[in-house]
Amino acid sequence: MKSVVSISSSVRAVCQYSPNYFMTSSRGLIRHSNSSGRILKSDVSCKTRMAQPCVKSTLGCFHNTREMGAVAQQLSNLPFAEEKDYELRVHLEKDLLPKTAGQPSIDTQLGTSASPTKLGHLKVVPLSVKSLFEVEVLPELLTRLKEAPSNEKTEGLATLLGVCVEFGVDYQSSIVSRLKEEWRTHLSKTDIGVIHLCHLGEVAYNLEGKRSEIVEQVLDYVSISIDEAEALTQKETARVYSFLALLEDPHRCQDLMSRLHRHTEKLIHRLQAINISDIFHSLVALQQRQAIALIVKLSRRASRVFRLFRDEELIKVLGALMHFGQHDKDFITAMEKHLPGKIVDADPELTSVVMEFCLQMRCRSEPIFEAVAESFICNSEKYTTTQIARQIIAMGRLNYLPQCSSQMFKKLESVLSSRFSQFQPRALIEVLHSCIHLERFPLNFVSKVFSPYFLQRLQAQGEPLDKHALGQLTQLNLSISLECTYYRGPRLPYHLHVKKFSSVDHSFESPVESYLYNQVKGPLNKLLEGKTYYSTRVFTQPGYTIDVEICLDEEGFVLPLSQWDNTHRRIALCLDAQDRFCSNTHHLLGKEATKRRHLCRMGYEVVQIPYFEFEKLRTQEQRVQYLHKKIFPTFFRFYR
């Protein structure tokens with residue numbers, strides 16, 4: 001028997017023709033494909049959407065289909081096929097089939113200790129539970145629904161449609177047609193709540209697809225509800241968003257969504273944490289990047305109810321904000337206030353998503369990072385290798401060294417030693433590369449990464465080595481060469497080195513910002529008496545780009561470009577615009593801090609011109625004096 005379903009006690013009651021029960025709680029359903037072979041929508045849409053709402057009265061409760069499948073799951077864990085058949089047969093006899101007086105059960109026939117192997121001599125008559133349900137159970141339930149109150153009848157029809165989906169009943173069958181006809185009649189005569197409408201629309205979508213007639217009717221009624229004087233509640237609004245996200249067709253109902261966005265903005269102050277989470281999640285699915293005003297207001301509302309978010313809800317909110325690239329100071333403040341106390345006991349995925357969010361927003365938050373570091377020290381075993389990588393990468397790229405860094409890196413070394421083979425090659429490179437931003441050099445693992453075996457493994461992942469991975473390996477190799485001169489292990493083969501660290505995604509260095517350069521250029525020309533005494537965007541042999549380079553001879557004379565062969569000292573001028581710093585502090589990003597260390601090791605005198613200092617100067621004279629003090633703190637002379 002390929003498909004057996006454990007249905008609710010009410011269905012069992014109907015099978016037994018008991019007049020005292022209609023529907024109580026659901027016990028389980030095994031997922032089934034329909035007779036037309038159509039692949040149903042994802043399990044999420046089918047199993048979780050039926051959770052709302054529960055109908056309570058003389059009809060009992062059409063219960064959460066998330067519980068469906070519990071019995072099936074237990075049976076699927078049995079080790080032998082014949083044991084499964086035996087258990088299913090006993091289950092059918094005990095729970096589904098009507099009893100005949102005096103008829104012994106299988107257990108009675110075989111004895112309580114009967115095993116599946118003893119069934120070999122019995123002839124088991126095949127039973128189609130689907131046929132039993134379609135021919136006897138469903139018509140009986142549909143008949144009894146006619147006398148039910150309006151909302152209960154709506155939910156009952158939706159639940160029966162959902163059961164048809166689970167049983168794989170053909171959506172063109174007579175019983176489904178009868179259900180749909182009953183729905184049309186009911187809809188035309190009754191004022192139905194939006195939540196019940198969406199529930200029915202979701203079930204109809206799973207049964208017939210997005211072109212379902214019922215889905216179209218639901219969309220029409222929802223559209224009318226948005227414009228009514230008593231508009232949707234916050235719960236109904238979130239449910240409508242979830243229904244539209246299920247359809248995955250934003251162009252089809254663009255006008256409806258525009259009106260829904262405006263309505264949601266009006267009730268933003270009444271939204272609860274779960275409503276915000278659901279709406280954010282739906283906006284991502286619907287790709288509503290143009291709804292910036294709504295997203296900003298949702299973010300502000302989220303900051304006010306931040307402490308009420310559950311872990312899974314907060315993961316959705318942070319994911320949506322990353323997707324849309326939006327955040328505000330209030331939200332960061334709320335994170336810093338409420339997250340540190342809960343990170344130790346939080347879902348490991350939430351901790352990693354928080355760090356990923358901070359990295360994308362370039363938010364260097366001391367309270368959050370300290371809490372994450374302490375949690376990693378205490379609970380590293382509960383994190384997956386991917387989650388560990390995301391946490392370490394964020395700290396490295398945002399140039400944050402925790403106060404407990406000694407314990408944290410000892411724990412990281414222990415994790416890498418014990419779980420080295422579990423890390424994906426590229427994730428491992430990311431982790432080691434992030435360590436060098438914090439001046440921590442994982443030499444024990446660098447030797448493994450530069451080994452021929454690891455490089456072959458990296459190339460065997462089905463795609464050629466991209467420039468990003470090669471750039472990280474090159475910078476890791478350069479850091480070992482410049483800062484760990486005592487290292488004698490394997491090095492990265494020269495043919496794998498990248499020639500320049502400049503890249504489209506600015507992973508290793510940020511290009512000079514033209515606005516800041518134009519501000520500096522005039523005062524610099526006046527200070528050096530012309531353009532012939534400096535060069536811009538100079539490429540160095542290791543691959544870095546210097547914003548402005550000035551050369552001096554042995555006596556301290558500033559050399560013109562024509563005399564640079566006589567250079568004794570080199571000055572690298574770093575024009576640091578806002579994109580080279582963390583968004584909420586004046587700390588350089590990890591890549592920029594690493595670049596400056598390397599330039600110093602290469603013999604350059606690095607002079608930093610940060611935007612937040614230079615933009616305060618209003619006059620040309622002030623800027624010239626500022627550059628003089630920065631570049632030549634004592635004195636300088638020109639070569640004539």
Side-chain angles (χ1 to χ4, degrees), residues 277 281 306 309-323 332 335-336 338-446 448-449 454 457-458 461 469 472 476 590:
S277 171
H281 189 63
F306 192 93
F309 282 114
R310 294 178 296 176
D311 288 359
E312 61 273 18
E313 294 167 353
L314 192 52
I315 289 173
K316 291 181 182 178
V317 172
L318 292 172
L321 291 176
M322 285 191 287
H323 178 81
I332 299 298
M335 286 179 62
E336 293 180 334
H338 298 291
L339 275 179
K342 66 180 294 186
I343 277 181
V344 173
D345 301 319
D347 183 341
E349 182 61 19
L350 173 60
T351 305
S352 301
V353 170
V354 166
M355 295 300 285
E356 192 174 6
F357 173 82
C358 289
L359 175 58
Q360 181 170 321
M361 303 303 171
R362 304 203 330 267
C363 175
R364 189 180 189 270
S365 171
E366 180 176 348
I368 293 176
F369 283 21
E370 287 293 335
V372 170
E374 292 172 4
S375 176
F376 175 72
I377 293 169
C378 300
N379 304 311
S380 61
E381 66 281 351
K382 77 177 184 179
Y383 295 115
T384 66
T385 54
T386 302
Q387 291 168 345
I388 291 172
R390 287 152 73 185
Q391 295 176 34
I392 301 301
I393 290 168
M395 288 192 184
R397 293 186 181 176
L398 293 175
N399 192 21
Y400 186 84
L401 191 65
Q403 295 178 10
C404 56
S405 60
S406 178
Q407 299 97 306
M408 188 187 79
F409 281 103
K410 284 181 181 178
K411 179 62 70 172
L412 178 60
E413 184 175 4
S414 174
V415 169
L416 289 175
S417 298
S418 60
R419 302 166 67 179
F420 186 87
S421 60
Q422 298 177 22
F423 281 85
Q424 291 296 318
R426 292 175 188 272
L428 184 61
I429 293 174
E430 294 271 9
V431 170
L432 300 183
H433 181 258
S434 296
C435 288
I436 68 173
H437 293 328
L438 302 175
E439 297 187 74
R440 296 297 185 271
F441 309 103
L443 300 181
N444 293 337
F445 307 102
V446 166
K448 296 181 180 181
V449 167
F454 183 88
R457 181 184 168 198
L458 189 63
Q461 288 190 315
Q472 289 178 319
L476 191 59

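Positions are given from 1 along the sequence.
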To the nearest 0.5 angstrom, please state how far the [atom1] atom of [X] sits from the [atom2] atom of [Y].
X	Y	atom1	atom2	value
Glu381	Ser418	CD	OG	10.5 Å
Gln403	Glu374	CD	CD	8.5 Å
Ser417	Leu412	OG	CG	9.0 Å
Leu339	Leu350	CG	CG	6.5 Å
Ser375	Glu370	OG	CD	12.5 Å
Glu312	Ser277	CD	OG	8.0 Å

For a 4.5 angstrom cut-off between non-hydrogen side-chain atoms, does [X] reach [Y]?
X	Y	result
Arg397	Glu430	yes
Phe357	Met335	yes
Phe441	Val446	no

Could you tell me which non-hydrogen atom of [X] sits nearest to which non-hydrogen atom of [Y], and how far apart they are?
X	Y	answer
Ala469	Arg426	CB-NH1, 3.6 Å
Asn379	Val344	ND2-O, 3.3 Å
Ile377	Cys404	CD1-SG, 3.7 Å
Met408	Ala373	SD-CB, 3.8 Å
Leu401	Phe409	CD1-CE1, 3.8 Å
Ala371	Ile343	O-CG2, 4.0 Å

task: Could you check whether the rings of Phe420 and Phe454 sit parallel, tilted or perpendicular, using 30° and 60° as the cut-offs?
output: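 Ring orientation, 0 to 90° scale: tilted.
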task: In sequence, state the C-alpha distance, the side-chain angles, and the governing distance for Thr385 and Val415, and then conclude on side chain to side chain contact (heavy atoms under 4.5 Å, CB included).
output: CA-CA 9 Å; Thr385 54; Val415 169; 6.0 Å; no
query: Does Glu349 have any side chain to side chain contact (heavy atoms under 4.5 Å, CB included) partners at least two apart in sequence or in another chain, and if so, which?
result: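 Scan of Glu349 (side chain to side chain contact (heavy atoms under 4.5 Å, CB included), adjacent residues dropped) gives Ile315, Asp347, Val353, Gln387, Arg390.
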Pair listing, salt bridge (Lys or Arg N to Asp or Glu O under 4.0 Å) test, anchored in residues 359-369, at least two apart: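 Sorted pair list comes back empty.
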message: Under the criterion side chain to side chain contact (heavy atoms under 4.5 Å, CB included), I'd like the reasoning laid out for Tyr383 against Gln391: C-alpha separation, chi angles, the key distance, then a yes or no.
response: CA-CA 10 Å; Tyr383 295 115; Gln391 295 176 34; 3.4 Å; yes
query: Charged N to carboxylate O under 4.0 angstrom, Arg440 versus Glu413?
result: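 Looking at Arg440 and Glu413, the cut-off is not met.
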field: Working for side chain to side chain contact (heavy atoms under 4.5 Å, CB included), residues Leu428 and Phe445
entry: CA-CA 9 Å; Leu428 184 61; Phe445 307 102; 5.7 Å; no
field: Under 3.5 Å: donor-acceptor pair, side chain of Ser414, backbone of Lys410
entry: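 Looks like no, no N/O pair under 3.5 Å.
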message: Given 3.5 Å as the limit, does a donor-acceptor pair link the side chain of Gln360 with the main chain of Met322, or not?
response: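 Yes; judged by distance alone, with no hydrogens or angles, the pair exists.
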- prompt: Just wondering, are more than 12 heavy atoms of other shown residues or ligands nearer than 6.0 Å to NZ in Lys382?
  reply: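 Enclosed.
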- prompt: Checking side chain to side chain contact (heavy atoms under 4.5 Å, CB included) for the pair Lys342/Asp311: CA distance, chi angles, key distance, verdict?
  reply: CA-CA 10 Å; Lys342 66 180 294 186; Asp311 288 359; 3.4 Å; yes
query: For the side chain to side chain contact (heavy atoms under 4.5 Å, CB included) test, which of Cys358, Ser405, Cys435, Pro402 pairs with Met395?
result: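 One option only clears the test, and that one is Pro402.
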